[in-house]
Protein chains: 2
Amino acid sequence: MCRPTTRNTTMLMQKNQVFQHAEMTEETIHAGQSLSALFLTSATELVPAGRAVCWEGDEAKHLFQLVEGVIRLYRIVGDGRRVITAFQFAGDLIGASLQGDFLFTAEAVTECKIRRVSRKSFDDEVAPVGCSSHRIHLPALRETAAAQEQMVLLSKKNAEERLCSFIAKLASRRNLQARQSVLRVPMSRQDIADHLGLTIETVSRTLTKLASRNVVIPEGRHDLRIVNLACLTQLSGDADDFLEESCHRVSLH
Amino acid sequence: MCRPTTRNTTMLMQKNQVFQHAEMTEETIHAGQSLSALFLTSATELVPAGRAVCWEGDEAKHLFQLVEGVIRLYRIVGDGRRVITAFQFAGDLIGASLQGDFLFTAEAVTECKIRRVSRKSFDDEVAPVGCSSHRIHLPALRETAAAQEQMVLLSKKNAEERLCSFIAKLASRRNLQARQSVLRVPMSRQDIADHLGLTIETVSRTLTKLASRNVVIPEGRHDLRIVNLACLTQLSGDADDFLEESCHRVSLH
DNA sequence: CGCGGTTTTGAAAAGGATCAAGGGAAGTGG
DNA sequence: CCACTTCCCTTGATCCTTTTCAAAACCGCG
């Protein structure tokens with residue numbers, strides 16, 4: 001009775017972009033504006049690569065807007081095992097969905113520009129605006145959706161699917177900024193491994209394998225040439241499966 | 001402004017260790033009351049075991065309060081692989097942190113009593129109350145915290161640690177209801193496996209191993225005698241490590 | 001140009017998954 | 001109340017993916 005049915009499968013296929021085109025009500029827009037305004041009142045800070053902007057367990061007295069650069073959010077468990085729960089990119093809000101303490105350490109992957117506002121002024125300024133919970137929820141919503149996706153990745157995907165998912169997602173946000181087929185990957189292999197629940201060696205090997213199949217080609221340590229995006233998406237495992245075959249045919253050298 | 005207090009465990013506060021001591025401001029309490037009130041206006045529905053109360057992808061026109069029983073939230077990925085992202089227990093709110101569509105299917109594990117309210121009245125009634133985002137965020141917060149913990153579990157823990165984490169968490173919520181050392185585990189092995197990112201066989205084997213080490217002893221399919229809670233906690237892998245040795249000594253038969 | 005850290009590659013080992021069968025409890029019908 | 005069916009769970013044996021350990025290659029940098 002609890003077994004998967006085909007009905008479920010079809011219905012669920014829509015992926016996780018669910019929130020990319022989330023509701024833009026007047027409220028949302030209005031709130032968005034007041035939000036930018038709030039952040040604009042504070043000067044941008046420059047954070048060098050490797051520096052943390054907040055620590056797990058610290059009281060979340062501020063939140064941050066990432067203006068430029070890439071940040072990793074992570075937790076350390078037990079004996080120094082690190083789990084990168086998410087990467088954040090330009091435009092993202094860090095700590096907006098928090099109360100109390102930070103649940104993660106946020107560390108610059110690349111040099112970053114951030115703006116910071118106190119939680120108090122955030123609550124005071126932004127919350128009263130449009131209160132039917134829409135806007136307030138939005139960052140938390142995205143976070144939740146991302147977390148769910150990550151859980152799926154971690155519990156059901158193999159190394160290749162994980163890596164392809166990761167690259168495809170990176171590529172898709174890159175697309176928004178409109179570019180060619182070379183994708184910047186600012187994070188180290190260790191970062192990627194810690195995000196995907198793999199070891200650095202497995203990441204490396206899997207990448208090599210993808211290269212040999214002509215899906216993506218590493219160019220230096222931090223760039224990837226996307227040769228076959230369709231295939232990449234296929235291999236990521238959450239796509240519709242109907243092209244699987246053709247993809248393999250195309251991709252095999 | 002957000003200091004924890006010990007009194008007054010309202011409906012929402014009881015679960016989920018992380019936020020057990022979350023903020024109980026006047027606002028929160030007030031909102032909690034208005035929330036209970038809202039839910040109390042709707043009659044309880046009886047949901048038989050195995051029945052779904054909402055489906056992934058459906059528009060979230062309602063939210064639910066779980067009055068009694070256990071519910072699993074899951075997503076189906078690709079070819080019928082099921083990921084149980086969370087279990088929900090009496091007092092939990094389902095769908096409160098959503099906008100738009102449900103991100104999961106919610107299905108009764110045991111027979112359940114639920115109350116349901118429309119999202120509209122939830123937003124209208126509850127949101128305007130205390131608007132500085134505190135109360136609104138609480139369910140979402142818990143969810144996020146739980147999701148993060150789950151990511152840690154899935155990316156860094158081995159089968160034994162996963163199972164021990166799971167049992168320990170169950171046991172800790174059980175404790176709140178004050179009972180003896182026999183823990184009810186309403187979900188099937190398959191449910192547990194799909195939640196922990198393992199196969200049913202591995203769950204079974206690991207349980208057997210724990211039994212042979214005298215940590216927990218299965219009594220029938222849905223009960224566990226907790227013999228050595230300290231050890232269980234140790235083995236869950238997110239505890240402080242200082243007792244690791246002694247624990248092993250104690251546990252080895 | 002040599003040096004330190006990162007990445008790649010290789011070989012061996014381990015932990016789970018998978019495949020296959022057997023056991024047991026709950027429910028059904030006689 | 002008992003035989004029978006069924007479903008769920010356990011156990012065993014083998015296979016496969018990923019990890020682990022080790023060393024070589026690469027690359028940016030002083």
Side-chain angles (χ1 to χ4, degrees), chain A residues 1-4 49-50 72 79-83 109-111 153-167 184-213 216-224 235 237, chain B residues 48-50 72 78-83 109-111 153-167 184-213 216-224 235 237:
Chain A
M1 76 193 175
C2 358
R3 291 297 71 218
R72 57 178 166 252
D79 56 325
R81 293 178 284 188
R82 184 181 69 164
V83 179
V109 172
T110 63
E111 184 181 77
L153 180 144
L154 293 171
S155 42
K156 297 290 171 184
K157 292 185 181 177
N158 64 23
E160 186 174 281
E161 290 170 324
R162 291 179 197 201
L163 197 60
C164 289
S165 299
F166 176 71
I167 298 171
R184 190 92 245 252
V185 183
M187 47 293 274
S188 71
R189 300 284 186 268
Q190 187 65 61
D191 284 341
I192 298 173
D194 286 349
H195 182 53
L196 299 182
L198 301 169
T199 60
I200 187 178
E201 292 96 331
T202 301
V203 170
S204 183
R205 272 186 255 273
T206 307
L207 205 48
T208 305
K209 215 164 51 186
L210 288 176
S212 78
R213 291 213 266 154
V216 296
I217 300 173
E219 302 192 346
R221 279 173 186 189
H222 291 290
D223 288 289
L224 271 184
L235 295 176
Chain B
R72 57 179 166 252
D79 56 323
R81 293 178 285 188
R82 183 181 69 163
V83 179
V109 173
T110 63
E111 183 180 76
L153 180 145
L154 292 171
S155 42
K156 297 289 171 186
K157 292 185 180 178
N158 63 24
E160 188 175 279
E161 291 170 324
R162 292 180 195 200
L163 197 59
C164 288
S165 299
F166 176 71
I167 298 171
R184 190 95 247 250
V185 183
M187 47 292 274
S188 71
R189 299 287 185 266
Q190 187 65 61
D191 284 342
I192 298 172
D194 286 348
H195 182 53
L196 299 182
L198 300 170
T199 60
I200 187 178
E201 292 96 332
T202 300
V203 170
S204 183
R205 271 187 256 274
T206 306
L207 206 47
T208 305
K209 215 164 50 186
L210 288 177
S212 79
R213 292 213 267 153
V216 296
I217 301 174
E219 301 192 344
R221 280 173 186 186
H222 291 291
D223 288 289
L224 272 184
L235 295 175

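For clarity, every value in this text was computed on a predicted model and none was experimentally measured. Here is the naming used below: chain letters follow the sequence lines, and residue numbers restart at 1 for every chain.
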In whole Å, I'd like the distance from the [atom1] atom of [X] to the [atom2] atom of [N].
X: A:L196; N: D:dT17; atom1: CG; atom2: P; result: 18 Å
X: B:R162; N: C:dG16; atom1: CZ; atom2: C1'; result: 10 Å
X: B:H222; N: C:dA26; atom1: NE2; atom2: C1'; result: 10 Å
X: B:R189; N: C:dG24; atom1: CZ; atom2: C1'; result: 13 Å
X: A:N158; N: D:dT19; atom1: CG; atom2: P; result: 11 Å
X: B:D223; N: C:dA26; atom1: CG; atom2: P; result: 11 Å
X: A:R221; N: D:dC29; atom1: CZ; atom2: C1'; result: 12 Å

Among all residues two or more places apart in sequence or in another chain, which pass the salt bridge (Lys or Arg N to Asp or Glu O under 4.0 Å) test with A:R184?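 Partners of A:R184 under the salt bridge (Lys or Arg N to Asp or Glu O under 4.0 Å) test: A:D223.
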
Identify, with sequence neighbours excluded, every residue that meets salt bridge (Lys or Arg N to Asp or Glu O under 4.0 Å) alongside B:E201. none

Detail all sub-3.5 Å separations between protein N/O atoms and N/O atoms belonging to nucleotides 17-22 of chain C.
residue, atom, partner, partner atom, Å
C:dA17, OP2, B:T199, N, 3.2
C:dA17, OP2, B:T199, OG1, 3.0
C:dA17, OP2, B:T202, OG1, 2.5
C:dT18, O4, B:R205, NH2, 2.8
C:dC19, N4, B:E201, OE2, 3.1

Are OP1 or OP2 of D:dT11 and a side-chain N or O of B:S204 less than 4.0 angstrom apart? no

I want to check something: taking the side chain as every heavy atom from C-beta on, are B:I167 and B:L207 in contact at a cut-off of under 4.5 Å?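 Sidechains of B:L207 and B:I167: in contact.
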
